[in-house]
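Working notes for the structure below.
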Number of protein chains: 2
Amino acid sequence: MMELTRKGEYAIRGIIYLAQQPPGRVSLISEIAAAAEVPQTFLAKIFQSFAKLGLVSSSRGTGGGFVLARPASTITLREVVEAVEGPILPNRCLLGSACDRGGPCRVHAVWKQVQTEVVSILDAVTIDTLARSPDCKG
Amino acid sequence: MMELTRKGEYAIRGIIYLAQQPPGRVSLISEIAAAAEVPQTFLAKIFQSFAKLGLVSSSRGTGGGFVLARPASTITLREVVEAVEGPILPNRCLLGSACDRGGPCRVHAVWKQVQTEVVSILDAVTIDTLARSPDCKG
DNA sequence: ATAAAAGGGATCAAATTGGTCCTAAAGGTG
DNA sequence: CACCTTTAGGACCAATTTGATCCCTTTTAT
């Protein structure tokens, strides 16, 4: 359980690639897709989400493409994951104040704890850190 | 992301009910399903998994039903969740030693950390604790 | 104008989720 | 034994989600 989907994985790979480019360098979606080994049309959707959320900025037309909208050191893994997968939410009942049935939410506190912990782990990792980390082949 | 499915939620509700019964008391699946407000046939499948894994013991025929196979204080929330949802696995790459593409698994260590943390939270909660916890209506 | 990008909607196949149904097997009871 | 009760297990099914693809529009540089 709790698996990241392809979308999430692609999102991470794609934005890491962007973060590895020289500052200000514009990348085409085709270029990012090739480098990250992700289906291009799918990645395009992902980057649309990024753009809407202000993680990357996009420009159209000749010479257009994508650039990080903020320094990589200020973009957290959590933001990237949540951008495409929605909020970290181990159980629906963490949304409303009350749990579904007329009452018991014995596990509520546990899910809350899981949520808090996962969020804090993902918030502590920046895209910059990931982009600089060595590949661990083999 | 990371949402528990209905199956997981039903599993927890069902086994909590069992844990609330007087020791040794046999419960019918129909009874558990009604109490936990879960579709009976679906819950039956869930309890089949429990039985195979030795969380509950089952007996057939008249007077048959389900009982916890071990003291509720030795059954952790993690066991229950994993019984029906599979292992806590934030990313596939935590299975094999290497990550998919010829190399980079920059986020590998992060997912490992998430996995470890979640497992430890869920392992710290026993069904007994949940069964005794007060309902938090409203 | 035209070509090069991203934006956005529609669509689609495959997998997963959430369940039902039916028959078989096992265990009591008269 | 025949019969009833109860779980076991397999087949099946609808709805949703996932993982894409396609096509047309919009923006922008030349």
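Order of the sequence lines sets the chain letters (A, B, ...), proteins ahead of strands, with each chain counted from 1.
As a whole-Å value, the separation of A:L55 CG from C:dA6 C1' is 17 Å. D:dT18 atom C1' lies 13 Å from atom CD of A:E3, rounded to whole Å. The separation between B:L43 atom CG and C:dT17 atom P is 18 Å, rounded to whole Å. Look at CG on B:L28: it is 14 Å from C1' on D:dC4, rounded to the nearest Å. Following rounding to the nearest Å, B:Q40 (CD) and D:dT7 (C1') show an atom-to-atom distance of 11 Å. Atom CD1 in A:I46 sits roughly 13 Å away from atom P in C:dG7 (whole-Å rounding). If you take CD of A:E85 and P of D:dT17, they are 14 Å apart, rounded to a whole angstrom. Straight-line distance from the NZ atom of B:K7 to the P atom of C:dG19: 11 Å, rounded to whole Å.
Counting non-hydrogen atoms of other residues, nucleotides and ligands closer than 6.0 Å to CZ of B:R132 gives a total of 12 or fewer.
Inter-residue side-chain proximity for B:V26 and B:Q21 is flagged as unmet; no heavy-atom pair is nearer than 4.5 Å. Proximity of B:M2 to A:L89: side-chain heavy atoms (C-beta onward) are nowhere separated by under 4.5 Å. Residues B:V118 and A:E117 are not in side-chain contact: their nearest non-hydrogen atoms beyond the backbone lie 4.5 Å or more apart.
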Provide a list of protein-nucleic acid N or O atom pairs under 3.5 angstrom, restricted to nucleotides 9-11 of chain D.
| residue | atom | partner | partner atom | Å |
| --- | --- | --- | --- | --- |
| D:dG9 | N7 | B:K45 | NZ | 3.3 |
| D:dG9 | N7 | B:Q48 | NE2 | 3.0 |
| D:dG10 | N7 | B:K45 | NZ | 3.1 |
| D:dG10 | O6 | B:K45 | NZ | 2.3 |

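A close approach under 4.0 Å does not occur between any side-chain nitrogen or oxygen of A:Y10 and OP1 or OP2 of D:dG19. A sub-4.0 Å separation between OP1 or OP2 of D:dT17 and a side-chain N or O of A:T5 is absent. For D:dT7, neither phosphate oxygen OP1 nor OP2 lies less than 4.0 angstrom from any side-chain nitrogen or oxygen of B:S59.
Contact check of residues 60-68 of chain B against DNA chain D (heavy atom, cut-off under 4.0 Å) returns B:R60, B:G61, B:T62, B:G65, B:F66.
Using a cut-off of 4.0 Å between Lys/Arg side-chain N and Asp/Glu carboxylate O, A:R25 and A:E31 are scored as salt-bridged.
By the side-chain hydrogen bond (donor to acceptor under 3.5 Å, both in side chains) test, A:K112 is found to be paired with A:Q115, residues two or more places apart in sequence or in another chain being considered. Listed by chain and number, the residues in a salt bridge (Lys or Arg N to Asp or Glu O under 4.0 Å) with B:R70 are B:E79 (sequence neighbours excluded). Looking at residues two or more places apart in sequence or on another chain, you find a ring-ring contact (aromatic ring centres under 6.0 Å, His included) between B:F66 and B:F47.
Residue A:S58 places its side chain closer to C:dA6 than to any other of D:dT21, C:dA6, D:dA8.
Through ILVMFWY side-chain contacts below 4.5 Å, B:L28 is grouped with nothing and stands alone.
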